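Just so you know, these numbers use all the heavy atoms, side chains as well, and skip hydrogens, waters and symmetry mates. The shown structure was predicted, so the numbers you read here are calculated from the model rather than taken from an experiment. Letters A, B, ... mirror the listed sequences (proteins, then strands); counts begin at 1.
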Amino acid sequence: MSDAKAEILGRIRSSLSDHPQPAEPIRNYRKVSDKSQAEVLEMLIDRLVDYKANVFEETEETIAQRIAEQLGKSSRYVVPTGLKNEWLPEDTAARTRMVDSGNDQKSGALSLRELDAVDAVVTSSTVSCAETGTIFLTSQEDEGRRAITLVPDHHICVVPLDTVVELIPESMRRVDFNKPVTMISGPSATSDIELIRVEGVHGPRTLDVIILK
Amino acid sequence: MSVTQLGMPQVRHGVGNIFETEPFPKYAERELKNEQLRANLGFATHKIRDKRAAVTGELPDWQDLRTAGSMIKQKVMANLDTYLEEFERNFTARGGHVHWARDAHEANEIALKLIQAEGVDEIIKIKSMATAESGLNEYLEENGINAIETDLAEEIVQLGDNDRPSHILVPAIHRNRTEIRDIFRKKIEGVDPNLSDDPAELAEASRFRLREKFLSTKVAVSGVNFGIAETGTMTIVESEGNGRMCLTLPETLITFMGIEKILPTVEDYEVFLQLLPRSSTGERMNPYTSTWTGVTPGDGPQNLHVILMDNGRTAALADEVGRQALHCIRCSACMNVCPVYERAGGHAYGSTYPGPIGAILSPQLGGIENEFNSTLPYASSLCGACYDACPVKINIPEVLVHLRGKDIDAKKAKKKQIPTQMDGLMFGAKKLFSSGKLMALAEKGLPMSKLVTGKDHKISKLPGLVGGWTDYRDIPEPPAQSFRNWYKKERPSETKRVAGERVDIDALIAQNKNKVAEAHAAAEVAATDKPAPKTEETK
């Protein structure tokens, strides 16, 4: 044990010589939703729009067309290895899909410079909290490593309907914190200048959310 | 073998930017003359305050969350040593390195060594209170390392020469957009010389300046919002994405963590994830929250360090009343509701920690007897708005009063127990207030107050210690007699009540109906009969 560690732990024990015995925390806050799925979905959309995200509701049949539209005619975009191919539009002369392997120490991963040069990224997501308008990315195969959803300026994120919950505690039950987790509530924003909210500083300036029914 | 009772535990105060640098009233008086600061702060505090009220009001269980947050923090403090060791075990098991720092100097030294080991002379930083407290940037600069702040407001403060943050959430709130434009035009290489003062354009200029730094810098330094003991997980909440950049793209990440930042479990984290954003920016959730649990191969920094910093926190922990200041999650809600902070501004508190929380944190971290920290617990009207706003229910007024007591005790100890003027006053007051008869007798002297009352019917100058009150405010002319004496005379003796007898409230109300209106009418008639008092205008 380092000297500093031993000394700090010693100081803590000495400071607690009155042996405080606080009660076990009371957790009376809401842990389970009492709302219908339709109400919860409406709430999520309301929050996301409030954050200036673009929200679309699509089905397995229409999602590829929607993604094609959001990418625009000319686009080089990146996707993680596990993303469903059926969701994605066919490549064209002007629209190219690049698959990132998910491990920047192995081959098949885009370099930071390459990521900086792509136009967009498309991923799925693990769970979304309606009450706060928060989408959780948890390093799953269809979400990829953190850099791919950070460096490109445009993030198209798919939210499957059965991953929408109302409350933060409900969201947390679906997340494994052993891997890196990124919670996204709208596009990058700042209020540092005269408290005027500006969407888009360093993270993706455009966030498209596709609710998949 | 005998055991010696050591009495008070020995406390070690911290060093760094945790001191008031001159007496608060003096500093505040100067700051009050800065009209832009006052206007900007007034606007900002009220706007964030209103947003906060709206988003906390919409949660039906806000008070339940506050209760849980407060109780979790009490549990953390009572078992701090256990949780820190648990955190170290789990963070280390996942490939991270834990360092312990007794004070800010030691924390800075550890960081410098780690940076030098990577062979770089430039690092990127996420806005962090802990490194502001330790004075890391200045220390690194002295040692040839350039630390680049990447939060927009911190960037503005850093690029503005000799500037300091004025608010912990929006540190550049004392700057107007035109000033920021001028700073950017002067300091950002290659920026458009016609850069406008539109906030969106200014944010774009920052993106332009920092993008290359994010892509190429090998070492980042951060603070942390919470560290979770059971998993070794760390988390940062932010808005701009500069945090995600610093946490994801460099090869090495060095995190400063005050030892009080620990939470026992992920279940505890869910409480604070709801409390912090709503209290802080008044949003339902901040745009980005990142968590990392040790090293993840192929994703993010492979070289992870955390520096656990004491710097006076164990000294605060030793105070049974004051230790609740360590529950603070740095949301800044207390500042936004404080009438003193709103006018005096953040700089007047000297320390990294301004506002009500700063007034109880700085004296405990740095010692109330050091520099001018003893003036901070008086920087409050004790109105209690901070206590109401605090998401973890820190009873700031209670700690302020407690620290005032400590200050008096410390000063007394210095003066070797010679009774002061204040002691005399307090002794007299104690006698007076504990005896109804003495009080009544003293009140008979009320007409004597006419001797010190000015022509404007105000007392503007009193001598000695009580003159401290009249230095800043007038006392209205005291009435000719006390309520007690008036009541004695006016109340018919037959209405006197026997002790223990029940009062019929309804009958009493009926009996006194219209009496107030009559009394006011009578008073008005009496007033118009008197000559009007001379005022400034009529002189």
Side-chain angles (χ1 to χ4, degrees), chain A residues 2 4-5 7-9 11-18 20-23 25-30 47 102-106 112-113 116 131-134 139 145-147 150 168-169 172 177-196 198 200-203, chain B residues 9 12 44 47 61 64-65 67-68 71-72 74-75 78 80-81 100-102 106 152-153 170 172 176-177 180 199-200 202-203 206-207 210 215 231 233 239-242 244-245 248-249 259 266 270 273-274 284-293 296-300 310 314 317-318 320:
Chain A
S2 76
K5 178 181 173 185
E7 193 175 330
I8 292 170
L9 291 176
R11 289 178 189 176
I12 292 170
R13 283 161 199 151
S14 157
S15 294
L16 293 172
S17 56
D18 61 319
Q21 304 281 337
I26 299 167
R27 298 169 193 272
N28 284 342
Y29 55 87
R30 292 165 300 154
R47 305 300 196 246
N103 185 329
D104 65 11
Q105 290 159 341
K106 291 187 179 156
L112 292 181
R113 302 278 165 199
D116 195 33
E131 188 166 70
T132 60
T134 305
S139 305
R145 63 190 169 105
R146 286 174 287 173
L150 172 62
I168 286 289
M172 302 288 269
F177 282 96
N178 286 309
K179 285 184 177 170
V181 174
T182 305
M183 305 170 205
I184 296 173
S185 308
S188 156
T190 185
S191 301
D192 279 347
I193 301 169
E194 295 183 10
L195 285 192
I196 294 162
V198 174
V201 194
H202 302 295
Chain B
R12 307 268 183 185
K47 185 166 171 182
D61 52 356
D64 294 323
L65 287 165
T67 299
M71 295 185 85
I72 291 165
Q74 287 173 44
K75 186 176 160 188
L80 192 56
D81 50 341
W100 299 70
R102 282 161 280 212
E106 194 171 13
L152 181 55
V170 278
N176 285 347
R177 60 176 83 185
I180 297 166
L202 295 170
S206 167
R207 182 181 173 100
L210 292 174
L215 296 180
T231 53
T233 302
S239 297
E240 295 168 9
N242 63 309
R244 290 176 71 191
M245 291 282 180
T248 310
L249 305 187
I259 54 170
V266 171
E270 76 190 13
L273 203 50
Q274 296 181 77
R284 295 185 175 110
M285 188 64 87
N286 49 289
Y288 297 136
T289 300
S290 299
T291 78
W292 67 102
T293 305
T296 304
D299 183 355
D310 177 356
T314 50
L317 189 66
E320 290 176 34

Heavy-atom contact with chain A under 4.5 Å, split by part of [X]:
X	answer
B:Leu152	both
B:Lys75	both
B:Asn176	both
B:Thr233	side chain
B:Ser290	both

Close side-chain approach of [X] to [Y], heavy-atom, < 4.5 Å:
X	Y	answer
B:Arg102	A:Arg11	yes
B:Leu249	A:Leu112	yes
A:Arg47	B:Met285	no
A:Pro169	B:Gln274	yes
A:Leu16	B:Leu317	yes
B:Glu240	A:Asp192	yes

Would a distance-only check, ignoring hydrogens and angles, find a side-chain to backbone donor-acceptor pair under 3.5 Å from [X] to [Y]?
X	Y	value
B:Asp299	A:Arg145	no
B:Tyr288	A:Thr182	no
B:Asp81	A:Leu9	no
A:Thr132	B:Arg284	no
B:Arg207	A:Gly203	yes
B:Thr289	A:Met183	no

Contact winner vs chain B - A:Ala189, A:Gly102, A:Gly186, heavy-atom pairs under 4.5 Å: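 Result: the option with the highest number of such pairs is A:Ala189.
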Chi angles and distances behind the side-chain contact (heavy atoms from CB on, under 4.5 Å) call for B:Leu215, A:Asp116: CA-CA 9 Å; B:Leu215 296 180; A:Asp116 195 33; 3.4 Å; yes
Donor-acceptor pair between B:Glu270 and A:Tyr29 side chains, under 3.5 angstrom: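 Yes, side-chain donor-acceptor contact under 3.5 Å.
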